[in-house]
Amino acid sequence: MRLSQLLIPTLREVPAEAEIPSHTLMLKAAMMRKLASGVYIYLPLGKRVLKKIEEIVREEMDRAGAQEVLMPAIIPAELLKESGRWDVFGPEMFKLKDRNDREFCLGPTHEEVFTDLVRNEVKSYRQLPLTIYQIQTKYRDERRPRFGVMRSREFIMKDAYSFDADWDGLDVSFDKMYDAYCRIFDRCGLKYTVVEADSGAMGGKDSKEFMVTSSVGEAVIAYCDSCGYAANEEKAECIVEHESDEEMKPLEKIHTPDVRTIDELVSYLDVKADKFVKTLIYKYKGKIAAVLVRGDREVNTVKLANLLKVNENDIDLAYEETVRSVTGANVGFAGPIGLKGDVLLIADAEVPMMKNIIVGANETDYHLKNANYGRDFKADVVSDIRKVVDGDKCPRCGNPLKLERGIEVGHIFKLGTKYSDALGANYIDENGNEKPMIMGCYGIGLNRIAAAAIEQNHDDKGIIWPMSIAPYHAIVVPVNVSNDAQRNLAEKIYDELSKAGIETLIDDRDLRAGVKFNDADLLGIPIRITVGKKASDNIVELKLRRDENSIELNYDEVVNKVKELIINSI
RNA sequence: CGGGGUGUAGCGCAGUUGGUAGCGCACGUGCUUUGGGAGCAUGGGGUCGGGGGUUCGAGUCCCUCCACCCCGACCA
């Protein structure tokens, strides 16, 4: 392709709307443009990258025995009402009506549609197992689209669903997808970690997320270098510290006028935050729970939701009036001793190990000093409900955990019979009995792979594409197109590379060398062939985007050298 | 949905106490130049986010709506 003809409006200045490197570079390198918040146009270069990723995903899914189909983006409301998710998704869905007032939505995900297909077309154990997938655009009206393509409202996803006769079969299907995912992300040149994830109170197990490590990732993952344990923040656990051997001191009421938060208490009393226990009042499904965690800890609401056996969004911090009626005090003075009414008292596993702690007194402007678990108060439930922090002990081997941020590019988990039960996706087994199919669900965000690859592969000049997903393999740059020798040799090389099946660009624009070099660096094309002053001697330069230095070679060596470079890096 | 911020040329921005809208880059034309974002000359491009109001006069002041960005909440 000729740059003189390619729609490639690179930007010289950084667009004001972009905050992270991948977003900035995708705009600057003319891969995409924004149409609305979280809605993007892909230009030729961006589209090529997506196609490359798509092709890798397709090859690996096919290799793993999955079959490609294509589902409609428009889904009738009844189907989602049948599974109950019309209400679960709620405002996250783009909803629409047809001319006869029938309700539809733009598919945010396709469990129901796949299950519907299979329940109608698959009847016998002889037809199982079956894994089908599609590569298709999903629509989610995110509350807050963010960071360009990282969290957008329209995005391309590969979603696959497996149907098995039994749980052992599901394990086999699941493992195949796991392996396929590893191959996909390896081939895309990504550094990633597979972490254990929570699949919520609504069922599903063996939930695993593929996280591309990146400082701009929205997810936090905890991992252990010693034993390989890795989990996302919601799921991550740790070993509880041993019981403190301090002597118990007598309980004492202390005056703390207008001192409410842990921060304020720390400076008012000059005591470290780890000597406090804070009491948070939560409301869930009309009931009230008081949650105790150490002053410097945070409650993990996913763990709390699982403990209470409710959905995470059924839990909320209680309003002021509820707090007042439960504690008999203003907000900021809640404590475990003397709570009124029907309150479930939950203590984080760490709390019983602490001695002589400071808690709220359930009386405005007062706290209690030297409170001790067992002597002064007891919880209804003691459980791990806090977020892990850097340095906590690994639940498997006891070595310190590390925290890192990650971009979730893939998620696989075992659904079981959630949708087959809801929609009646049954089969007849060898004995003539009707049984629900056992399902698995496997997703990959294709646009996110592109963005994640840029996050992991860029410098201050631009993108540095891995060969496998680069929009083009090579770019030929004649330094001066008005020089006949340079132009002719560049054209000859471009021709030969193209004929050899190498995806090649030629920068035939009548621009200064600096502009062309800067664009080539910005676009991130892996191999650059510069045709300059030595063109008359048939000598050209070859430079890799990821390296500083270039080498000179005779023009007739170019095709073989480039071929070799591509083969060695895919 | 709460908090903060921004909307002026394709992009990045300036615009004073209210007085007929500018700069850089980009774009068109001509000449010179040509190995890391050229120089000179010349030209085109604006409902100043929309609507309403105050005023002789509004990019500027007031009201209102909208869009976009950031933080938080939320995210099968």
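Within every chain, numbering begins at 1; the chains are lettered A, B, ... in the order of the sequence lines, protein sequences first and strands thereafter. Fair warning: this is a prediction, and the values are worked out from it, not measured in the lab.
Counting only N and O atoms by type, the side chains of Arg324(A) and Asn330(A) include a donor and acceptor under 3.5 Å apart.
Every pair passing salt bridge (charged side-chain N to carboxylate O under 4.0 Å, His left out) that includes a residue from residues 470-490 of chain A is listed here, sequence neighbours excluded: Asp484(A)-Arg487(A). Residue pairs meeting the salt bridge (charged side-chain N to carboxylate O under 4.0 Å, His left out) criterion with at least one partner in residues 5-25 of chain A, sequence neighbours excluded, are Glu17(A)-Lys34(A).
Under the rule for a salt bridge (charged side-chain N to carboxylate O under 4.0 Å, His left out), Arg140(A) has no partner lying at least two apart in sequence or in another chain. Under the salt bridge (charged side-chain N to carboxylate O under 4.0 Å, His left out) criterion, Arg146(A) pairs with Glu218(A), not counting sequence neighbours. Under the rule for a salt bridge (charged side-chain N to carboxylate O under 4.0 Å, His left out), Lys461(A) has no partner lying at least two apart in sequence or in another chain. Partners of Glu541(A) under the salt bridge (charged side-chain N to carboxylate O under 4.0 Å, His left out) rule, at least two apart in sequence or in another chain, do not exist in this structure. Applying the ring pair (Phe, Tyr, Trp, His ring centres under 6.0 Å) criterion to Tyr161(A), with sequence neighbours excluded, gives Phe114(A). Among residues two or more places apart in sequence or in another chain, the ring pair (Phe, Tyr, Trp, His ring centres under 6.0 Å) test is passed with Phe210(A) by Tyr178(A), Tyr181(A), Phe185(A).
Between the P atoms of U60(B) and G52(B), the separation comes to 14 Å (whole Å). Straight-line distance between the P atoms of U47(B) and G59(B): roughly 13 Å, to the nearest whole Å. Using atom P as the reference point in both C48(B) and G7(B), the two lie 15 Å apart (nearest Å). On the P atoms, C70(B) is 36 Å away from A58(B), given to the nearest whole Å. Comparing the same atom, C1', in C68(B) and in U8(B) gives a spacing of 15 Å after rounding to whole Å. Distance noted for atom P between U32(B) and C23(B): 28 Å (whole Å).
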Next on the checklist: For a quick check, with a 4.0 angstrom heavy-atom cut-off, what is the B/S/- contact string for nucleotides 31-43 of chain B, read 5' to 3'?
Outcome noted: --BBBBBB-----

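For Ala16(A), the listed nucleotide lying nearest its side chain is G12(B); candidates were C69(B), G12(B), C70(B). Side-chain atoms of Arg146(A) lie closest to A73(B) of the nucleotides C68(B), A73(B), A76(B).
At a cut-off of 3.5 angstrom, the base of C75(B) holds at least one donor-acceptor pair with the side chain of Arg151(A).
Residue Ala18(A) is the one, among Glu142(A) and Ala18(A), whose nearest nucleotide of RNA chain B lies closer to the 5' end (criterion: closest heavy atom). Mapping Ile315(A) and Glu17(A) onto RNA chain B by nearest heavy atom places Glu17(A) closer to the 5' end of the strand.
Salt bridge present: Lys303(A) and Asp384(A) bring a charged side-chain N and a carboxylate O closer than 4.0 Å.
The distance from atom CE of Met150(A) to atom P of C70(B) is 12 Å, rounded to the nearest whole Å. The distance from atom CE of Met439(A) to atom C1' of A76(B) is 12 Å, rounded to the nearest whole Å. The distance from atom NZ of Lys414(A) to atom C1' of A76(B) is 18 Å, rounded to the nearest whole Å.
Where pairing requires Watson-Crick or G-U contacts shorter than 3.5 Å, the helical stems of RNA chain B with at least three consecutive pairs are B:1-7 with B:66-72, B:10-13 with B:22-25, B:27-32 with B:38-43, B:49-53 with B:61-65.
At least one side-chain heavy atom of Ile315(A) sits less than 4.5 Å from a side-chain heavy atom of Val310(A).
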Review item, side-chain donor-acceptor pairs of residues 20-28 of chain A, under 3.5 Å, at least two apart:
unit_1   : atom_1 : unit_2    : atom_2 : d
Ser22(A) : OG     : Glu455(A) : OE2    : 2.7
His23(A) : ND1    : Gly148(A) : N      : 3.4
Thr24(A) : OG1    : Ile20(A)  : O      : 3.1

Scan nucleotides 22-24 of chain B against the protein and return all N/O pairs shorter than 3.5 Å with their distances rounded to 0.1 Å.
unit_1 : atom_1 : unit_2   : atom_2 : d
G24(B) : N2     : Glu13(A) : OE1    : 2.7

